[in-house]
Amino acid sequence: HMLGQLNLAVEQACDEVAAMHSGDRLGVAATIVKVSQLGAAEERASFSASPAFTGADAAVRVNGLLQPPIPARRSIAVAALICGMLLTMAGLATSEWWHHSAESLLALHLG
């Protein structure tokens, strides 16, 4: 069940990126409907390579695209960046290999 939910979330994220790049949420939704209809016309076994376009997931994805987009929150990106920097600094401070590698790269860069 969790794997199915994760798959749906990934597909919805890809739908949002496609809609953002194309600028046409309805066009992306229409494409999902068309591909789903093509899949329904085919034998299920021959269309199993694209499970993201079959079943109730397609309806959920289309309904998500018919809703207004959720604005991205910059605070999450900033928090992830700060967390990544802190983890890198902790690795440099506690790992001899990381520390030595960072010094070597810095020496190569500075000459």
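- Other members of the hydrophobic cluster containing Leu86, listed by chain and number, are Val78, Ile82, Met89; membership follows side-chain contacts under 4.5 Å among ILVMFWY residues, whether direct or relayed.
- Atom CG of residue Leu8 and atom CG of residue Leu3 lie 12.0 Å apart, to the nearest 0.5 angstrom.
- Going from atom CG of Asp57 over to atom OG of Ser36 covers 9.5 Å, rounded to the nearest 0.5 Å.
- Of the inter-residue distances, the one linking Met2 atom CE with Asn7 atom CG reads 13.5 Å to the nearest 0.5 angstrom.
- In this structure the side chain of Ser104 never reaches within 4.5 angstrom of the side chain of Leu108, judged on heavy atoms.
- For residues 12-32, the salt bridge (Lys or Arg N to Asp or Glu O under 4.0 Å) pairs, not counting sequence neighbours, are Asp15-Arg61, Glu16-Arg25.
- A side-chain contact (heavy atoms from CB on, under 4.5 Å) with Leu26 is found for one member of Val62, Leu65, Thr31, Leu66 and no other, namely Leu66.
- Using modelled atom types and a 3.5 Å distance limit, the side chains of Glu103 and His99 yield a donor-acceptor pair.
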